[in-house]
There are 2 protein chains.
Amino acid sequence: MLSIGDLSKRTGVKVPTIRYYEQMGLIEAAERSEGNQRRYERNDLERLAFIRHARDLGLDIPAIRELIALSQHPDLPCANADRIAADHLTAVREKIEKLKKLEHELERIISHCDGHSIEDCYVIRALSDHGLCEGEH
Amino acid sequence: MLSIGDLSKRTGVKVPTIRYYEQMGLIEAAERSEGNQRRYERNDLERLAFIRHARDLGLDIPAIRELIALSQHPDLPCANADRIAADHLTAVREKIEKLKKLEHELERIISHCDGHSIEDCYVIRALSDHGLCEGEH
DNA sequence: GATAATTCCTCTAGTGACTAGAGCTACAAG
DNA sequence: CTTGTAGCTCTAGTCACTAGAGGAATTATC
(Lines give C-alpha, C1' and ligand atoms only; values in the text may rest on other atoms or scores of the structure.)
Protein backbone atom coordinates (compact mmCIF):
# COMPACT_ATOMS: atom_id res chain seq x y z
CA MET A 1 0.00 0.00 0.00
CA LEU A 2 1.35 3.35 -1.05
CA SER A 3 0.64 6.77 0.35
CA ILE A 4 -0.16 9.57 -2.06
CA GLY A 5 3.38 10.86 -1.59
CA ASP A 6 4.86 7.49 -2.54
CA LEU A 7 2.66 7.36 -5.61
CA SER A 8 3.75 10.87 -6.50
CA LYS A 9 7.45 10.01 -6.23
CA ARG A 10 7.07 6.87 -8.29
CA THR A 11 5.14 8.48 -11.13
CA GLY A 12 6.44 12.01 -11.10
CA VAL A 13 2.89 13.34 -10.77
CA LYS A 14 2.58 15.94 -8.02
CA VAL A 15 0.43 15.19 -5.01
CA PRO A 16 -2.19 17.89 -5.63
CA THR A 17 -2.38 16.79 -9.25
CA ILE A 18 -3.17 13.23 -8.17
CA ARG A 19 -6.02 14.54 -6.05
CA TYR A 20 -7.14 16.66 -8.98
CA TYR A 21 -7.20 13.61 -11.26
CA GLU A 22 -9.30 11.79 -8.72
CA GLN A 23 -11.72 14.71 -8.70
CA MET A 24 -11.84 14.67 -12.50
CA GLY A 25 -12.64 10.98 -12.47
CA LEU A 26 -9.44 9.80 -14.15
CA ILE A 27 -8.53 7.61 -11.22
CA GLU A 28 -10.94 5.97 -8.86
CA ALA A 29 -11.33 7.35 -5.37
CA ALA A 30 -8.63 5.60 -3.38
CA GLU A 31 -9.20 3.50 -0.32
CA ARG A 32 -8.50 5.31 2.91
CA SER A 33 -6.46 4.54 5.99
CA GLU A 34 -8.07 4.73 9.42
CA GLY A 35 -6.96 8.34 9.57
CA ASN A 36 -8.62 9.13 6.20
CA GLN A 37 -5.45 9.15 4.15
CA ARG A 38 -5.40 7.76 0.61
CA ARG A 39 -3.83 4.34 0.09
CA TYR A 40 -2.87 3.05 -3.33
CA GLU A 41 -1.99 -0.25 -4.95
CA ARG A 42 -0.06 -1.40 -7.97
CA ASN A 43 -2.84 -0.90 -10.47
CA ASP A 44 -3.25 2.71 -9.34
CA LEU A 45 0.42 3.14 -10.14
CA GLU A 46 -0.14 1.81 -13.64
CA ARG A 47 -3.20 3.92 -14.19
CA LEU A 48 -1.44 7.06 -13.09
CA ALA A 49 1.58 6.30 -15.27
CA PHE A 50 -0.80 5.89 -18.20
CA ILE A 51 -2.36 9.27 -17.47
CA ARG A 52 0.96 10.99 -17.06
CA HIS A 53 2.19 9.53 -20.27
CA ALA A 54 -0.89 10.66 -22.13
CA ARG A 55 -0.58 14.16 -20.67
CA ASP A 56 3.06 14.28 -21.71
CA LEU A 57 1.90 13.58 -25.23
CA GLY A 58 -0.43 16.55 -24.87
CA LEU A 59 -3.76 14.74 -24.72
CA ASP A 60 -6.43 16.54 -22.77
CA ILE A 61 -8.44 15.10 -19.92
CA PRO A 62 -11.59 14.16 -21.85
CA ALA A 63 -9.45 12.30 -24.38
CA ILE A 64 -7.64 10.47 -21.59
CA ARG A 65 -10.90 9.57 -19.96
CA GLU A 66 -12.02 8.03 -23.24
CA LEU A 67 -8.77 6.11 -23.69
CA ILE A 68 -9.07 4.72 -20.18
CA ALA A 69 -12.62 3.61 -20.87
CA LEU A 70 -11.48 1.95 -24.10
CA SER A 71 -8.56 0.23 -22.43
CA GLN A 72 -11.01 -1.53 -20.18
CA HIS A 73 -12.68 -3.25 -23.12
CA PRO A 74 -9.87 -5.26 -24.72
CA ASP A 75 -12.23 -6.95 -27.17
CA LEU A 76 -13.45 -3.81 -28.88
CA PRO A 77 -11.81 -2.65 -32.10
CA CYS A 78 -9.25 0.05 -31.52
CA ALA A 79 -10.43 2.46 -34.20
CA ASN A 80 -11.56 4.94 -31.57
CA ALA A 81 -8.24 4.94 -29.81
CA ASP A 82 -6.46 5.42 -33.12
CA ARG A 83 -8.79 8.26 -34.00
CA ILE A 84 -8.07 10.06 -30.72
CA ALA A 85 -4.36 9.82 -31.37
CA ALA A 86 -4.72 10.84 -35.02
CA ASP A 87 -6.90 13.84 -34.17
CA HIS A 88 -4.37 14.93 -31.64
CA LEU A 89 -1.57 14.55 -34.15
CA THR A 90 -3.48 16.79 -36.53
CA ALA A 91 -3.92 19.40 -33.82
CA VAL A 92 -0.21 19.23 -32.97
CA ARG A 93 0.71 19.74 -36.62
CA GLU A 94 -1.58 22.73 -36.89
CA LYS A 95 0.02 24.30 -33.85
CA ILE A 96 3.46 23.73 -35.31
CA GLU A 97 2.44 25.43 -38.54
CA LYS A 98 1.10 28.45 -36.72
CA LEU A 99 4.18 28.75 -34.57
CA LYS A 100 6.45 28.49 -37.59
CA LYS A 101 4.67 31.41 -39.20
CA LEU A 102 5.14 33.39 -36.02
CA GLU A 103 8.77 32.37 -35.90
CA HIS A 104 9.42 33.65 -39.41
CA GLU A 105 7.56 36.88 -38.85
CA LEU A 106 9.44 37.55 -35.63
CA GLU A 107 12.76 36.73 -37.27
CA ARG A 108 12.00 39.11 -40.07
CA ILE A 109 10.93 41.92 -37.78
CA ILE A 110 13.92 41.54 -35.52
CA SER A 111 16.43 41.34 -38.34
CA HIS A 112 15.06 44.55 -39.86
CA CYS A 113 15.64 46.57 -36.73
CA ASP A 114 18.86 48.53 -36.66
CA GLY A 115 18.72 48.77 -32.91
CA HIS A 116 18.98 52.51 -32.47
CA SER A 117 16.05 54.51 -31.16
CA ILE A 118 12.45 53.60 -30.50
CA GLU A 119 11.51 56.13 -33.13
CA ASP A 120 13.10 54.01 -35.86
CA CYS A 121 12.59 50.65 -34.16
CA TYR A 122 11.29 48.17 -36.66
CA VAL A 123 9.74 46.06 -33.92
CA ILE A 124 7.56 48.94 -32.82
CA ARG A 125 6.89 50.11 -36.34
CA ALA A 126 5.88 46.66 -37.52
CA LEU A 127 3.39 46.39 -34.70
CA SER A 128 1.98 49.81 -35.46
CA ASP A 129 1.61 49.18 -39.13
CA HIS A 130 0.32 45.87 -40.34
CA GLY A 131 1.37 46.86 -43.85
CA LEU A 132 4.96 46.03 -42.86
CA CYS A 133 4.05 42.38 -42.35
CA GLU A 134 4.42 39.55 -44.75
CA GLY A 135 1.30 37.47 -45.23
CA GLU A 136 -1.67 37.55 -42.95
CA HIS A 137 -1.78 36.37 -39.37
CA MET B 1 -16.22 59.44 -32.73
CA LEU B 2 -16.64 55.69 -32.84
CA SER B 3 -18.75 53.47 -30.66
CA ILE B 4 -17.14 50.40 -29.18
CA GLY B 5 -18.91 48.32 -31.83
CA ASP B 6 -17.44 50.43 -34.62
CA LEU B 7 -13.99 50.08 -33.11
CA SER B 8 -14.53 46.36 -32.88
CA LYS B 9 -15.51 46.05 -36.54
CA ARG B 10 -12.60 48.14 -37.71
CA THR B 11 -9.95 46.28 -35.74
CA GLY B 12 -11.38 42.77 -35.54
CA VAL B 13 -11.12 42.85 -31.73
CA LYS B 14 -14.31 41.72 -30.08
CA VAL B 15 -16.29 44.17 -27.98
CA PRO B 16 -15.80 42.41 -24.62
CA THR B 17 -12.11 42.08 -25.41
CA ILE B 18 -11.82 45.83 -25.90
CA ARG B 19 -13.38 46.38 -22.49
CA TYR B 20 -11.03 43.78 -21.08
CA TYR B 21 -8.01 45.60 -22.53
CA GLU B 22 -9.25 48.80 -20.95
CA GLN B 23 -9.48 47.02 -17.61
CA MET B 24 -5.95 45.64 -18.06
CA GLY B 25 -4.66 49.12 -18.76
CA LEU B 26 -3.63 48.49 -22.36
CA ILE B 27 -5.90 51.24 -23.62
CA GLU B 28 -6.93 54.32 -21.73
CA ALA B 29 -10.43 54.56 -20.35
CA ALA B 30 -12.47 55.99 -23.20
CA GLU B 31 -14.50 59.14 -23.06
CA ARG B 32 -18.19 58.56 -22.55
CA SER B 33 -21.34 59.75 -24.26
CA GLU B 34 -24.10 61.41 -22.25
CA GLY B 35 -25.60 57.97 -21.81
CA ASN B 36 -22.31 56.53 -20.48
CA GLN B 37 -21.27 54.70 -23.63
CA ARG B 38 -17.64 54.60 -24.71
CA ARG B 39 -16.58 56.88 -27.55
CA TYR B 40 -13.31 56.42 -29.41
CA GLU B 41 -11.10 58.41 -31.73
CA ARG B 42 -8.52 57.69 -34.37
CA ASN B 43 -5.60 57.18 -31.99
CA ASP B 44 -7.59 54.59 -30.05
CA LEU B 45 -7.98 52.76 -33.34
CA GLU B 46 -4.22 52.77 -33.85
CA ARG B 47 -3.52 51.69 -30.33
CA LEU B 48 -5.93 48.81 -30.55
CA ALA B 49 -4.53 47.70 -33.91
CA PHE B 50 -1.09 47.68 -32.31
CA ILE B 51 -2.34 45.50 -29.47
CA ARG B 52 -4.14 43.13 -31.78
CA HIS B 53 -1.09 42.80 -33.93
CA ALA B 54 1.12 42.06 -30.94
CA ARG B 55 -1.37 39.48 -29.68
CA ASP B 56 -1.43 37.86 -33.10
CA LEU B 57 2.30 37.48 -32.79
CA GLY B 58 1.70 35.73 -29.48
CA LEU B 59 3.01 38.41 -27.12
CA ASP B 60 1.39 38.41 -23.72
CA ILE B 61 -0.23 41.36 -22.04
CA PRO B 62 2.66 42.43 -19.80
CA ALA B 63 4.95 42.42 -22.84
CA ILE B 64 2.48 44.51 -24.79
CA ARG B 65 2.15 46.93 -21.90
CA GLU B 66 5.90 47.37 -21.95
CA LEU B 67 6.02 47.86 -25.71
CA ILE B 68 3.32 50.49 -25.49
CA ALA B 69 5.22 52.29 -22.77
CA LEU B 70 8.39 52.17 -24.88
CA SER B 71 6.60 53.41 -27.97
CA GLN B 72 5.72 56.56 -26.10
CA HIS B 73 9.38 57.45 -25.63
CA PRO B 74 10.68 57.72 -29.19
CA ASP B 75 14.07 59.00 -28.04
CA LEU B 76 15.01 55.98 -25.98
CA PRO B 77 17.17 53.25 -27.47
CA CYS B 78 15.14 50.32 -28.70
CA ALA B 79 17.17 47.56 -27.08
CA ASN B 80 14.32 46.74 -24.72
CA ALA B 81 11.82 46.38 -27.52
CA ASP B 82 14.24 44.16 -29.41
CA ARG B 83 14.80 42.07 -26.32
CA ILE B 84 11.07 41.52 -25.82
CA ALA B 85 10.75 40.33 -29.40
CA ALA B 86 13.86 38.17 -29.19
CA ASP B 87 12.76 36.54 -25.93
CA HIS B 88 9.45 35.78 -27.48
CA LEU B 89 11.11 34.29 -30.53
CA THR B 90 13.12 32.02 -28.26
CA ALA B 91 9.97 30.89 -26.50
CA VAL B 92 8.25 30.23 -29.83
CA ARG B 93 11.19 28.13 -31.00
CA GLU B 94 11.15 26.10 -27.80
CA LYS B 95 7.47 25.39 -28.25
CA ILE B 96 8.05 24.29 -31.81
CA GLU B 97 10.77 21.89 -30.70
CA LYS B 98 8.55 20.34 -28.06
CA LEU B 99 5.67 19.96 -30.47
CA LYS B 100 7.90 18.34 -33.08
CA LYS B 101 8.95 15.72 -30.57
CA LEU B 102 5.31 15.05 -29.80
CA GLU B 103 4.56 14.89 -33.49
CA HIS B 104 7.19 12.22 -34.09
CA GLU B 105 6.20 10.18 -31.11
CA LEU B 106 2.54 10.26 -32.11
CA GLU B 107 3.39 9.34 -35.69
CA ARG B 108 5.43 6.41 -34.49
CA ILE B 109 2.76 5.15 -32.12
CA ILE B 110 0.01 5.45 -34.69
CA SER B 111 1.97 3.78 -37.45
CA HIS B 112 2.74 0.81 -35.21
CA CYS B 113 -0.90 0.08 -34.52
CA ASP B 114 -2.43 -2.57 -36.71
CA GLY B 115 -5.92 -1.30 -35.98
CA HIS B 116 -7.52 -4.48 -34.74
CA SER B 117 -8.52 -4.83 -31.11
CA ILE B 118 -7.89 -2.69 -28.07
CA GLU B 119 -6.01 -5.60 -26.63
CA ASP B 120 -3.30 -5.28 -29.27
CA CYS B 121 -3.70 -1.55 -29.83
CA TYR B 122 -0.28 0.04 -29.92
CA VAL B 123 -1.73 3.41 -28.93
CA ILE B 124 -3.04 1.98 -25.68
CA ARG B 125 0.00 -0.20 -25.11
CA ALA B 126 2.42 2.67 -25.67
CA LEU B 127 0.58 4.75 -23.11
CA SER B 128 0.60 1.92 -20.62
CA ASP B 129 4.26 1.14 -21.03
CA HIS B 130 6.72 3.95 -21.28
CA GLY B 131 9.34 1.44 -22.39
CA LEU B 132 7.74 1.45 -25.82
CA CYS B 133 8.64 5.11 -26.29
CA GLU B 134 11.60 6.56 -28.05
CA GLY B 135 13.52 9.14 -26.06
CA GLU B 136 12.22 10.86 -22.99
CA HIS B 137 9.34 13.29 -22.83
C1' DG C 1 -43.33 60.80 -32.11
C1' DA C 2 -43.87 55.98 -30.79
C1' DT C 3 -42.10 51.63 -31.01
C1' DA C 4 -38.98 48.04 -32.04
C1' DA C 5 -34.44 46.33 -32.79
C1' DT C 6 -29.96 46.71 -31.85
C1' DT C 7 -26.19 48.05 -29.21
C1' DC C 8 -24.37 49.28 -25.03
C1' DC C 9 -23.57 49.13 -19.82
C1' DT C 10 -21.84 46.50 -15.42
C1' DC C 11 -21.08 42.49 -12.97
C1' DT C 12 -20.29 37.65 -12.19
C1' DA C 13 -18.75 33.26 -13.42
C1' DG C 14 -16.69 29.88 -16.54
C1' DT C 15 -12.76 27.96 -19.52
C1' DG C 16 -8.15 23.96 -18.72
C1' DA C 17 -5.09 21.86 -16.02
C1' DC C 18 -3.36 22.62 -12.60
C1' DT C 19 -0.91 25.45 -8.39
C1' DA C 20 -0.71 27.94 -3.88
C1' DG C 21 -2.12 28.65 0.51
C1' DA C 22 -4.81 28.37 4.99
C1' DG C 23 -5.96 25.80 8.77
C1' DC C 24 -6.19 21.44 10.54
C1' DT C 25 -5.04 16.21 11.40
C1' DA C 26 -2.27 11.81 10.91
C1' DC C 27 1.70 9.35 10.99
C1' DA C 28 6.82 7.97 11.55
C1' DA C 29 11.24 8.59 13.86
C1' DG C 30 13.90 9.44 17.81
C1' DC D 1 6.12 12.00 23.94
C1' DT D 2 7.51 15.29 21.07
C1' DT D 3 8.72 16.95 16.78
C1' DG D 4 8.68 17.16 11.95
C1' DT D 5 6.91 15.69 7.85
C1' DA D 6 3.12 14.41 5.18
C1' DG D 7 -1.63 14.24 4.67
C1' DC D 8 -6.58 16.20 4.66
C1' DT D 9 -10.30 19.70 2.75
C1' DC D 10 -11.55 23.91 0.84
C1' DT D 11 -10.93 28.20 -1.54
C1' DA D 12 -8.84 31.09 -4.77
C1' DG D 13 -5.49 32.22 -8.32
C1' DT D 14 -3.26 31.51 -13.08
C1' DC D 15 -4.10 33.52 -18.58
C1' DA D 16 -6.69 35.88 -21.96
C1' DC D 17 -10.52 36.00 -22.76
C1' DT D 18 -15.87 34.39 -23.33
C1' DA D 19 -20.75 33.84 -21.92
C1' DG D 20 -24.67 35.33 -19.79
C1' DA D 21 -27.90 38.08 -16.79
C1' DG D 22 -30.40 42.11 -16.26
C1' DG D 23 -30.96 46.60 -17.48
C1' DA D 24 -30.20 51.27 -20.11
C1' DA D 25 -29.09 53.90 -24.38
C1' DT D 26 -29.15 54.53 -29.13
C1' DT D 27 -30.71 53.89 -33.86
C1' DA D 28 -34.02 52.50 -37.37
C1' DT D 29 -38.52 51.94 -38.86
C1' DC D 30 -43.28 53.15 -39.13
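Labels below follow one simple rule: chain letters A, B, ... track the order of the sequence lines, proteins then strands, and each chain is numbered from 1.
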Figure out the CG/C1' separation between A/D56 and C/dA17, and round it to whole Å. 13 Å
Atom pair distance, as rounded to whole Å: CD in B/E31 and P in C/dC8: 17 Å
Protein-to-nucleotide contact annotation, 5' to 3' order, nucleotides 5-11 of chain D [B base; S sugar-phosphate only; - none; under 4.0 Å, heavy atom]: --SSB--
Are B/Y40 and B/M1 connected in the hydrophobic side-chain network, where two residues link if heavy atoms are under 4.5 Å apart? no
B/K95 NZ to A/L99 CG distance, which is reported to the nearest 0.5 Å: 6.5 Å
What is the distance, rounded to the nearest whole Å, between atom CD1 of A/I27 and atom P of C/dC18? 12 Å
To the nearest 0.5 Å, tell me how far B/R55 CZ sits from B/Y21 OH. 5.5 Å
Side-chain H-bond candidate by donor/acceptor type, B/S3 with B/D6, under 3.5 Å: yes
Report, as yes or no, whether the 6.0 Å neighbourhood of atom CZ on A/R83 holds more than 12 heavy atoms from other residues, nucleotides or ligands. yes
Figure out the CD/P separation between B/E34 and D/dA24, and round it to whole Å. 18 Å
Taking the side chain as C-beta and beyond, is there a heavy-atom pair between B/E22 and B/I27 under 4.5 Å? yes
Can you check whether B/D82 reaches A/I110 side chain to side chain, under 4.5 Å on heavy atoms? no
Hey, what do you get for CG (B/D44) to CD (B/E41), rounding to the nearest 0.5 Å? 6.5 Å
Do any N or O atoms of the protein come closer than 3.5 Å to N or O atoms of nucleotides 15-17 of chain D, and which pairs are they?
unit_1: D/dA16; atom_1: OP1; unit_2: B/I61; atom_2: N; d: 3.4
unit_1: D/dA16; atom_1: O3'; unit_2: B/R55; atom_2: NH2; d: 3.4
unit_1: D/dC17; atom_1: OP2; unit_2: B/Y21; atom_2: OH; d: 2.7
unit_1: D/dC17; atom_1: OP2; unit_2: B/R55; atom_2: NE; d: 2.7

I want to check something: taking the side chain as every heavy atom from C-beta on, are A/L89 and A/R93 in contact at a cut-off of under 4.5 Å? yes
Contact under 4.0 Å: B/S33 side-chain N or O vs C/dC8 OP1/OP2: no
Got a salt bridge between A/E105 and A/R108, using NZ or NE/NH1/NH2 to carboxylate O under 4.0 Å? yes
With rounding to the nearest 0.5 angstrom, report the CD1 to CZ distance, A/I51 to A/R47. 6.0 Å
Of residues 89-100 of chain A, the positions that come close to DNA chain C - non-hydrogen atoms, cut-off under 4.0 Å: none
Distance check needed: C/dG16 C1' versus A/M24 CE, whole Å only. 10 Å
Expressed as a whole number of angstroms, how long is the span from A/L48:CG to C/dA17:C1'? 15 Å
